[in-house]
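Reading through the C-alpha cells given below for one structure.
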Protein chains: 2
Amino acid sequence: MELYAERGFEQTTVAEIAKRAGLTERTFFRHYADKREVLFGGSHVLEDLVVGTVRDAPEGTAPIDAVAAGLDAAATGIFSDLRDFARRRQAIITAHQDLRERELIKLASLSSALADTLRGRGVSEPAASLAAEAGTAVFKVAFERWVGDGETRDLAAVIKGSLAELRSVAAGE
Amino acid sequence: MELYAERGFEQTTVAEIAKRAGLTERTFFRHYADKREVLFGGSHVLEDLVVGTVRDAPEGTAPIDAVAAGLDAAATGIFSDLRDFARRRQAIITAHQDLRERELIKLASLSSALADTLRGRGVSEPAASLAAEAGTAVFKVAFERWVGDGETRDLAAVIKGSLAELRSVAAGE
DNA sequence: AAAGGCGATGTCAGTTACTGACATCAACCG
DNA sequence: CGGTTGATGTCAGTAACTGACATCGCCTTT
C-alpha cells in the first residue's frame with residue numbers, strides 16, 4: 001500500500017513490491033494471486049462475519065433485517081477503528097479501474113454468500129438474491145459516504161440511515 | 001465470441017482473434033482497450049437508453065419508478081430478440097473471473113450514470129444513489145433469471161416481478 | 001491532376017504481469 | 001541421523017499491452 005500510494009498502482013511493479021518486502025517476485029505471487037489482491041486480503045473476514053451473523057439471526061427475522069444485522073456487526077466489529085486506513089486504501093482503489101473491478105467482485109461475492117445463507121434459512125428466490133443485493137447496495141453507498149468528506153457519524157449509523165432511505169425509495173417516495 | 005466459445009477465454013490469444021478478423025494485433029488494441037472489452041461493446045447502448053428514458057420521465061415520477069421505466073425500455077428495446085445471444089455471451093462471462101469483473105463495472109457505470117441523472121432531476125443523496133443501486137440490482141437479478149433455465153417470461157416481465165419482490169423485501173416481509 | 005493532410009492500419013521493439021519446472025533449504029519427525 | 005514437508009529462490013517462457021514510427025488510401029484544395 002505504501003508503494004501504491006507513493007507512485008500509483010500502475011507505476012508500481014511487482015518487482016519493487018517484492019524488493020521492499022525482502023522477497024522474490026515469485027514468492028509474491030505465491031502469497032497473492034495477482035497485483036490487485038494485495039489490497040483485498042480482508043474481504044473474507046468481512047464476508048465471514050456478515051454471513052455468520054445472518055446465519056445466527058433469530059428464526060423468523062425478516063431477510064432484510066437479518067442482512068442489516070450482519071452489516072451492523074461488520075461496521076462495529078471491523079471498521080470502527082479503521083477509518084483512516086479505509087480512506088487511504090479507498091483513495092488508491094478509486095483511482096484505478098482494475099482495482100474498482102476487483103472491489104466490485106468482492107462485494108458481489110459477499111452478496112452471493114449472503115443469498116446462499118438466506119436460502120439456507122428458508123428464504124426463496126428471488127427474494128434471497130434481492131435481499132442480499134439490496135443489503136450490499138446499502139453497504140456500498142454507506143461505505144462511500146463514510147470514507148468521504150464531511151461525514152462524522154460512524155459506519156453503523158450511516159448504514160442504518162441508508163437502509164431507512166432505501167426503504168423509502170423502494171416504497172416509491 | 002466464436003473463439004472464446006470454442007477454446008475458452010484464457011486459451012484464446014489476441015493474436016488468434018486478430019488473425020481471424022484479418023487484422024493485426026496492434027489494430028485490435030486500437031479498437032478494444034483490452035481482451036475483455038470485446039464482449040461489452042453494447043454496454044453504452046444500454047446505458048444511453050436507460051439514462052435517456054429516466055431523464056425524459058414525467059416530472060414528479062418517483063425515482064424508483066423512473067428507473068423502472070428505464071429498465072423496461074431497455075428490456076423491450078434491446079434484449080427482446082437477443083435471448084440466445086445473451087445466453088451464449090453470458091456462458092462465456094460467468095466462466096471467467098476477469099469477465100465477471102468487467103461486467104460488474106459496466107453495471108456500476110450504469111448505476112453511477114443513473115444516480116447522476118436522478119440528481120439532475122432534483123433527487124437528493126443518498127436517495128439518488130440508492131434508487132440507482134436498487135434498480136441495477138433488480139436488473140442484475142432479473143437478467144440472471146432471464147438467461148437461466150426454466151424462465152419463459154420475457155425480460156420486461158421478469159424485471160417487473162423482481163421489482164415487486166424487492167419492494168416486499170425492503171418493506172421487511 | 002497534383003499536392004497535401006488525415007485517419008486507419010502495419011511494423012517493431014520493449015515492458016511487465018503471471019506461470020511452470022526444478023533446486024534449495026530449514027524445520028520437524030520418526 | 002535420514003527423510004519428509006513447506007516455503008522460498010532461480011530460471012525460462014508466454015502473452016497482454018504500449019509507444020514510436022512508417023505506410024497507405026481517401027478526401028480536399030488549388
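Computed over heavy atoms, backbone and side chain alike; hydrogens, waters and symmetry mates excluded. In what follows, every chain begins at residue 1, and chains take the letters A, B, ... in the order their sequences are listed.
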Task: Test applied, salt bridge (Lys or Arg N to Asp or Glu O under 4.0 Å); reference residue, E2(A); option that passes from R20(A), R7(A), R89(A), R88(A) - done: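 Single salt bridge (Lys or Arg N to Asp or Glu O under 4.0 Å) partner of E2(A) among R20(A), R7(A), R89(A), R88(A): R20(A).
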Open item on the list: Is it true that E133(A) and S129(A) share a donor-acceptor pair across their side chains at a distance under 3.5 Å?
Closed with: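 S129(A) vs E133(A): no donor-acceptor pair found between side chains.
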Task: Pair Q90(A)-E103(A), side-chain donor/acceptor within less than 3.5 Å - done: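 Yes, E103(A) and Q90(A) have a side-chain donor paired with an acceptor closer than 3.5 Å.
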Nearest whole angstrom, please: distance from the [atom2] of [N] to the [atom1] of [X].
X: R26(B); N: dC21(D); atom1: CZ; atom2: C1'; answer: 12 Å
X: Q97(B); N: dC18(C); atom1: CD; atom2: C1'; answer: 14 Å
X: L23(B); N: dT23(D); atom1: CG; atom2: C1'; answer: 16 Å
X: D34(B); N: dA16(D); atom1: CG; atom2: P; answer: 11 Å
X: E37(B); N: dC17(D); atom1: CD; atom2: P; answer: 11 Å
X: H96(A); N: dA17(C); atom1: NE2; atom2: P; answer: 13 Å
X: F28(A); N: dC18(C); atom1: CZ; atom2: P; answer: 8 Å
X: E25(B); N: dA15(D); atom1: CD; atom2: C1'; answer: 8 Å

Open item on the list: Just to verify, which of V123(A), T53(A), V51(A), V50(A) counts as forming a side-chain contact (heavy atoms from CB on, under 4.5 Å) with T117(A)?
Closed with: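 When V123(A), T53(A), V51(A), V50(A) are each tested with T117(A), the side-chain contact (heavy atoms from CB on, under 4.5 Å) holds only for V51(A).
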Task: Single hit among H96(A), Q11(A), K35(A) for side-chain contact (heavy atoms from CB on, under 4.5 Å) with Y4(A) - done: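 Result for side-chain contact (heavy atoms from CB on, under 4.5 Å) with Y4(A): K35(A).
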Open item on the list: Starting the side chain at C-beta, find the nucleotide from dA17(C), dG10(C), dC17(D) nearest to T27(B).
Closed with: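 Among dA17(C), dG10(C), dC17(D), the one nearest the side chain of T27(B) is dG10(C).
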Open item on the list: Starting the side chain at C-beta, find the nucleotide from dT10(D), dT18(D), dC21(D) nearest to R30(B).
Closed with: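 It is dC21(D).
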Task: N/O (side chain, H31(B)) to phosphate O (OP1/OP2, dT9(C)) under 4.0 Å - done: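 Looking at the OP1 and OP2 atoms of dT9(C), one of them is under 4.0 Å from a side-chain N or O of H31(B).
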Open item on the list: At less than 4.0 Å, is any side-chain N or O atom of T24(B) found next to OP1 or OP2 of dG10(C)? Yes or no.
Closed with: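 For T24(B), the contact criterion (side-chain N or O under 4.0 Å from OP1 or OP2 of dG10(C)) is met.
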Task: ILVMFWY cluster membership beyond I105(A) - transitive side-chain contacts under 4.5 angstrom - done: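 Joined to I105(A), directly or through intermediates: L104(A), L104(B), I105(B).
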Task: Interface residues of residues 9-19 of chain B with DNA chain D (non-hydrogen, below 4.0 angstrom) - done: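 Within residues 9-19 of chain B, the residues near DNA chain D are T12(B), T13(B), V14(B).
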- [ ] Any pair with a residue in residues 23-33 of chain A that passes side-chain hydrogen bond (donor to acceptor under 3.5 Å, both in side chains), sequence neighbours left out, goes on the list, sorted by first then second residue, please.
- [x]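 As it turns out, there is no side-chain hydrogen bond (donor to acceptor under 3.5 Å, both in side chains) pair with a partner in residues 23-33 of chain A once direct neighbours are skipped.
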